[in-house]
Amino acid sequence: EDKVVQSPLSLVVHEGDTVTLNCSYEVTNFRSLLWYKQEKKAPTFLFMLTSSGIEKKSGRLSSILDKKELFSILNITATQTGDSAVYLCAVEAGGNAGGTSYGKLTFGQGTILTVHP
Amino acid sequence: KAGVTQTPRYLIKTRGQQVTLSCSPISGHRSVSWYQQTPGQGLQFLFEYFSETQRNKGNFPGRFSGRQFSNSRSEMNVSTLELGDSALYLCASSPDGAGGSDTQYFGPGTRLTVL
């Protein structure tokens, strides 16, 4: 069974701090890893990673994937109170048949990030 | 482009009733996936539809069903509601659901409370 584990489960920091969120996975026929940010509404897409070692960046957020060690990290620098949210890691995998597990993402438990002023 | 929309946003039902939730995908997206989100289990995959066909299904009982229309809009139905069905139901759309470079975009969800 596909498994995605995130750590830490919660994190409290002050504005300006840098945080690193972790996501490890065990899936059959990995295809992609995605990061989402969820406030009290829809998960918002942040990054999709398919290739190992290539960093994706968007402003103060960046993410990298290590397919050999089966993990990804999400970094947020110079945190702001608006970064407070649940950060979700999800993996899309092909399944045992080696094909496509259509439309299915397996999610981790999420990391609750709280940024204090 | 308009995002994924879901209706209704909030719903209160009693045990034993049934409920139908609706999802309209982003224009041009043909794949719709449904997820259940609870504090204990997190986000769990229910099923995926593409061109009016269910292509994939998660580990949920048969009380959970869905369908997709020719305009790609999708509905999910839960019959004989149980207290444990209280959750946020999210749908997500993508161009073809085949993964790889195909990102899923989520709607705001329907908050279902079963009393």
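Order of the sequence lines fixes the chain letters, A, B, ..., with proteins taken first and strands second; residue numbering starts at 1 for each chain. The structure displayed is predicted, hence computed values, not measured ones.
With a 4.5 angstrom heavy-atom cutoff, B/Q37 touches chain A only via side-chain atoms. Heavy-atom distances place both the backbone and the side chain of A/L105 under 4.5 Å from chain B. When heavy atoms are compared at a cutoff of 4.5 Å, B/L88 approaches chain A solely by way of its side chain, counted from C-beta outward. Residue contact with chain A, scored on non-hydrogen atoms closer than 4.5 Å, involves the side chain of B/Y35 exclusively. For a residue to count as touching a neighbouring chain, one of its non-hydrogen atoms must lie under 4.5 Å from one of that chain's; by this rule B/L43 touches chain A with backbone and side chain alike.
Electrostatic pairing of A/K3 and A/E26 does not count as a salt bridge here, judged by no charged N lying under 4.0 Å from a carboxylate O. Checked for salt-bridge contact, B/R63 and B/D85 meet the test: a charged N lies under 4.0 Å from a carboxylate O.
Between A/H14 and A/H116, the ring-plane angle classifies as tilted under the 30° and 60° cut-offs. Note: B/H29 and B/Y105 have tilted aromatic rings, judged against thresholds of 30 and 60 degrees for the angle between ring planes.
Of the listed residues (B/S51, B/S93, B/S72), just one forms a side-chain hydrogen bond (donor to acceptor under 3.5 Å, both in side chains) with B/R30, and that residue is B/S51.
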